[in-house]
Amino acid sequence: MTDIRPFQAVRPAAHLVSRVAALPYDVYSRQEAYEEAAKDRLSFLNIDRPETQFERTHDMYAPEVYRKAGELLHERMEEHVFIQDEQECYYLYELTMNGRTQTGLVGCASIDDYTGNIIKKHENTRPEKESDRIRHVDACSAQTGPIFLAYRRDDVISEVTERTKQSVPLFDFVTPDQVRHRGWRIADSEEIGAIKEAFHRIHEIYIADGHHRAASAVRVGLKRREEHQGYDGREEFNYFLSVLFPDDELLILDYNRVVKDLNGLTQQQFLQRVAETCEVQKCNSRQKPREKGCMTMYLGGDWYHLRIRDQFRSSDPVEGLDVSVLQRKVLFPVLGIRDPKNDCRIDFVGGRRGLEELEHRVNSTDAVAFAMYPTSIRELFDVADAGRLMPPKSTWFEPKLLSGLFIHMIEP
């Protein structure tokens, strides 16, 4: 039984939505955040990355930086840049990219479902990244960036979604990267009841993206419980902001690898080592891998198709992932990359940037690139159901959920 509840969203006034909405805080470097936030004082990035309100030499983790985030949020509410709905509602958030649409339900997930593993994870979190968002949520008394969750499609939720999308949207705009964003409110009590009951029948929810935001929201909620010993479980701090997508609408893009050097090997020696694990075939042109168990490689100005040999495949949900085989059989033993999360010799390139980016990197500064076949949503579910973790940088979700469109206040 999953507890997904409606809430009174704080959201931008209709005429300001496109100015407020911003990409997630963690897609920007510090320099990029300053440049982007300066473009519009109403951009939510000013709140999400409050160090941009200080000199660039200022400690971005200082207490006054987090206080500034809370001050800015409440100032924008007083200025009516943001409004708050008077009743608890669910919302829909639709994103369309390259002609493909996915629609998520916006609601609040239970921290007890998170700690009880009804909401399942596939990735470890890092304490320093958690600490930043814990302090941000605490200072704002609000969750400002939604967690991207996935569930197995449910007919009732799909039917309510389709009916709701026949009405006039709350917002409808296109971002500079040509992604269309639309949103609706679900305020009818019968529709709300139907959605609640539908989620009660769903026994697993999966974090697709946003593990650190989820962990931070839960940590703040547990902290508030300690501070409110008489809590009854209905308080807003017991829940965290989420957008939940049916599994059949989600697409995971490839997350590719680029390595700076060949660990002292010549290109020919490296090809021979790769051939121990994969069948290697030279391509006549740039190619993406055609199926699971395959990848393509760019080396020395040429593309190669690699098919993992049968003896190195596995039915294990983690060891059978293509990214796991590459790490276990090539990146570590051949190229000496033991810890891909922290090794400066390897970099990761999201699939939206295309094979051209891999060619550019190898032709300019790097030695070899691997284009991966995308991890599937089914593989993600299988790993999470097994209580296991994926290797770093296994999944890349596009389009990104914008911040500032829906905000969940955790105190009255």
Side-chain angles (χ1 to χ4, degrees), residues 10-12 16-82 123-148 175-177 209-221 223-224 237 240-241 243 341-342 344 347-348 350 392-393 397 399-411:
V10 171
R11 51 190 180 81
L16 297 174
V17 175
S18 62
R19 290 181 61 188
V20 170
L23 285 169
Y25 74 97
D26 52 359
V27 306
Y28 296 103
S29 67
R30 188 169 188 181
Q31 175 67 25
E32 290 168 340
Y34 273 92
E35 293 171 359
E36 191 65 27
K39 293 178 181 178
D40 193 327
R41 64 177 288 270
L42 296 187
S43 168
F44 199 75
L45 195 60
N46 290 280
I47 297 171
D48 238 2
R49 294 288 294 268
E51 75 272 16
T52 58
Q53 310 305 300
F54 296 82
E55 295 294 328
R56 299 190 184 209
T57 55
H58 200 93
D59 178 5
M60 64 186 292
Y61 302 115
E64 61 271 18
V65 172
Y66 295 98
R67 285 197 300 270
K68 187 64 175 178
E71 291 168 4
L72 278 178
L73 175 59
H74 289 88
E75 284 174 15
R76 298 292 183 263
M77 293 174 68
E78 291 173 1
E79 296 170 356
H80 304 293
V81 171
F82 290 104
E123 179 180 298
N124 271 329
T125 57
R126 291 163 54 189
E128 68 274 16
K129 292 185 71 174
E130 274 189 46
S131 175
D132 169 54
R133 286 300 103 176
I134 288 169
R135 298 172 72 186
H136 191 275
V137 172
D138 222 5
C140 293
S141 274
Q143 297 147 1
T144 60
I147 315 307
F148 188 152
T175 46
D177 58 356
D209 199 10
H211 283 78
H212 286 93
R213 289 192 295 276
S216 302
V218 170
R219 289 277 296 277
V220 173
K223 175 175 174 286
R224 297 280 171 110
F237 56 71
F240 58 91
L241 179 64
V243 185
K341 184 180 288 188
N342 297 308
C344 64
D347 199 5
F348 303 89
K393 312 296 186 182
F397 285 91
K400 299 296 184 187
L401 308 183
L402 299 184
S403 295
L405 292 175
F406 304 97
I407 297 170
H408 176 224
M409 306 303 295
I410 61 173
E411 290 288 354

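Interatomic distance, Ile47 CD1 to Glu71 CD, rounded to the nearest 0.5 Å: 11.5 Å. Glu64 contributes atom CD, which lies 7.5 Å from atom CG of Asp59 (distance to the nearest 0.5 angstrom). One distance of note links CD of Gln53 with CG of Asn46; it measures 4.5 Å at 0.5 Å rounding. Distance check, rounded to the nearest 0.5 Å: CG of Leu16 to NE2 of His80 gives 12.0 Å. One distance of note links NZ of Lys223 with CD1 of Ile134; it measures 9.5 Å at 0.5 Å rounding. Rounding to the nearest 0.5 Å places OH of Tyr28 at 10.0 Å from CG of Asp48.
Residues Val81 and Leu42 share a closest heavy-atom pair of CG2-CD2, 3.9 Å. A pairwise comparison of heavy atoms in Leu45 and Glu36 identifies CD2-CB, 3.6 Å as the closest pair. Taking all atoms of both residues into account, the shortest heavy-atom contact from Cys140 to His74 is O-CE1, 3.7 Å. When all heavy atoms are compared, the tightest approach of Ile147 to Ala214 is CD1-N, 3.3 Å. The nearest pair of heavy atoms linking Phe82 to Pro12 is CD2-N, 3.6 Å. Residues Glu32 and Val27 approach most closely at OE1-O, 3.9 Å, considering heavy atoms.
Put simply, the side chain of Glu123 does not reach to within 4.5 Å of the side chain of Thr125, judged on heavy atoms. Annotation: side chain of Leu73 is in contact with side chain of Ile407 (closest heavy-atom distance under 4.5 Å). Side-chain contact between Thr144 and Ser403 is absent, with no heavy atoms from C-beta onward closer than 4.5 Å. Here the side chains of Asp209 and Leu401 are not in contact, with every heavy-atom distance at 4.5 Å or above.
Between the side chains of Arg49 and Ser43, no donor-acceptor pair is found at a separation under 3.5 Å.
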Quiz item: How far apart are the C-alpha atoms of Arg135 and Val220, what are their side-chain angles, what is the distance that settles it, and do they pass the side-chain contact (heavy atoms from CB on, under 4.5 Å) test?
Solution: CA-CA 8 Å; Arg135 298 172 72 186; Val220 173; over 6 Å; no
Practice problem: Go through the steps for Leu402 and Thr175 under the test side-chain contact (heavy atoms from CB on, under 4.5 Å), then give the verdict. | Solution: CA-CA 10 Å; Leu402 299 184; Thr175 46; 3.9 Å; yes
Exercise. Evaluate salt bridge (Lys or Arg N to Asp or Glu O under 4.0 Å) for Glu79 paired with Arg41, printing each intermediate quantity in order.
Key: CA-CA 13 Å; Glu79 296 170 356; Arg41 64 177 288 270; 3.5 Å; yes
Self-check item: From CA spacing to verdict: side-chain contact (heavy atoms from CB on, under 4.5 Å), Lys68, Phe54
Solution: CA-CA 10 Å; Lys68 187 64 175 178; Phe54 296 82; 3.9 Å; yes
Quiz item: Hey, mind stepping through Asp132 and Arg213 against salt bridge (Lys or Arg N to Asp or Glu O under 4.0 Å) and telling me if it holds?
Solution: CA-CA 10 Å; Asp132 169 54; Arg213 289 192 295 276; over 6 Å; no
Quiz item: Given His211 and Asn124, is the side-chain contact (heavy atoms from CB on, under 4.5 Å) satisfied, shown in steps?
Solution: CA-CA 8 Å; His211 283 78; Asn124 271 329; over 6 Å; no
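Open room surrounds CZ on Arg219; 12 or fewer heavy atoms of other groups in view lie less than 6.0 Å from it.
Judged by distance alone, the side chain of Glu411 and the main-chain N or O of Ser141 form no donor-acceptor pair under 3.5 Å. Side chain of Ser216 to main chain of Glu130: a donor-acceptor pair is present (N/O by atom type, distance under 3.5 Å, no hydrogens or angles). In this structure a side-chain-to-backbone donor-acceptor pair under 3.5 Å is missing from Tyr25 to Ala33.
Under the 30°/60° scheme for interplanar angles, the aromatic rings of Tyr66 and Tyr61 are found to lie parallel.
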